[in-house]
Amino acid sequence: MPEGHSVHRLARQFGDVFAGERLAVTSPQGRFAQGAALLDGHILIGSTAHGKHLFLEFENSLILHVHLGLYGAWNFGGDASFRGASSIGAPRRVGEREVRDDAGADNPAYAGPPDPVGAVRVRLTSAHGWADLRGATTCETITDAEAASVLARLGPDPLQNLAGNRESFTEAALAKRTPIAALLMDQKVIAGVGNVYRAEVLFRQGLDPWLPGTALPAEAARRLWDDTVAVMSDGVRDGRIVTTPPRYWTASEGLPAPEDSHFVYRRQGLDCRNCGTPVALAELGARKLYWCPSCQSA
DNA sequence: CGACAATGTGTAA
DNA sequence: TACACCTTGTCGA
């Protein structure tokens, strides 16, 4: 799925284009008809993200809770007020960037949303535009109490980086014999990291992915947290996961080409950008793990 | 056209 | 550990 940075961008975007608006909420696909009816015709108050979870709060105190899972995505469109609203969701290629909707820019006579294409789980429509959700693993209408129980299952979010979060992460990471690569994917330990950031921050920190949490020095865990905060914050800014610094980019303008954006993710068999050793690939917990056996030996 | 993978997660065995 | 979930782009026949 889109990792935490994409969900935080979605939260911001929903606030930008829909907050304060009365929304029609429908389920063209039908699977979410009941939950949609509970929200239909109510005003969106705000939107928040924690890790990979998105919460859209309505004025009737109900919340639309969405988790995109492996292949969920939101698409946006509308009038000029939607200019810059990106479609955000499951990437289909390495380094794929968000697709911006510029329909409103040269089409001020916005006449309403198009007919739904494909399996649209939920559609939000305001007077100015629309948003379609497809393929999400979770899409449900919940109460405040239910939202609180979702949050209770999640660890600290590096994109909130509140006081005490770094120590909470450090404590949780050092408490288990689980390999650090698995701990980074445990949303109770750190919320919002996915398979790309997991591989990339471990490389950036020179950490052996198989090192048990119990063997990780506390200082290394703190550096790992801080680097995750930094690299995911860049992701929120850029709308893309870029973990390589500019000296690794062949393009001189703007962001790097997709193939220059990562150190190890999906680079198995290719030379490590630092030492030339072939990048390794293994399965860990049914997900692919990429790392440089030479650089990541700490 | 079918098989398969994909930046996930929950549940059963 | 396996698979169910459920969507779409890519790749090979």
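So that the names make sense, note that chain A is the first sequence line, chain B the second, and so on, each numbered from 1. Worth saying up front: this structure is predicted, and the values here are computed from it rather than measured. Reckoned from all heavy atoms, side chains included, excluding hydrogens, waters and symmetry mates.
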Subject >> Among A:R134, A:R123, A:R121, side-chain hydrogen bond (donor to acceptor under 3.5 Å, both in side chains) partner for A:Q29 >> reply: A:R121

Original post:
Between A:E140 (CD) and B:dT9 (P), how many Å, whole number?
Top reply: 14 Å

**OP:** State whether the side chain of A:N60 and the backbone N or O of A:L38 hold a donor-acceptor pair below 3.5 Å, judged by distance alone.
**Re:** yes

Original post:
Given atom CZ of A:R266 and atom C1' of C:dT10, what is their separation to the nearest angstrom?
Top reply: 10 Å

Original post:
How would you label the contact of A:Q29 with the nucleic acid (heavy atoms, under 4.0 Å): base, sugar-phosphate, or nothing?
Top reply: sugar-phosphate

Original post:
For atom C1', what is the distance between B:dC1 and C:dC5, given to the nearest Å?
Top reply: 24 Å

Original post:
Is the phosphate of B:dT7, meaning OP1 or OP2, less than 4.0 Å from a side-chain N or O of A:K52?
Top reply: no

Original post:
Of all residues at least two apart in sequence or in a different chain, which pass the ring-ring contact (aromatic ring centres under 6.0 Å, His included) check with A:F32?
Top reply: none

Subject >> Nearest-Å distance for atom pair NE2/P, residues A:H67 and B:dT9 >> reply: 4 Å

Original post:
Rounded to whole angstrom units, what separation is found between the CD atom of A:E283 and the P atom of C:dC3?
Top reply: 13 Å

**OP:** Could you check how far CZ of A:R287 sits from C1' of B:dT7, rounded to whole Å?
**Re:** 7 Å

Original post:
With rounding to whole Å, what would you report as the distance between B:dT7 and C:dC11 at their P atoms?
Top reply: 16 Å

Original post:
Should A:R153 be listed as having a side-chain N or O under 4.0 Å from OP1 or OP2 of B:dT9?
Top reply: no

Subject >> Centroid separation A:F76 to A:F14 less than 6.0 Å >> reply: yes

**OP:** Would you kindly give the CD-to-P distance between A:Q187 and B:dT7, to the nearest whole Å?
**Re:** 14 Å

Subject >> Interatomic distance where CD1 belongs to A:I241 and P belongs to B:dA6 [whole Å] >> reply: 14 Å

Original post:
Should the heavy atoms of other residues, nucleotides or ligands under 6.0 Å from CD of A:E283 be counted, would the total exceed 12?
Top reply: yes

**OP:** Provide the distance between the two P atoms, one in C:dA13 and one in B:dA5, to the nearest whole Å.
**Re:** 15 Å

**OP:** Specify the separation, in whole Å, of atom CE of A:M185 and atom C1' of B:dG8.
**Re:** 7 Å

Subject >> N or O in side chain of A:Y197 less than 4.0 angstrom from B:dT7 OP1/OP2 >> reply: no

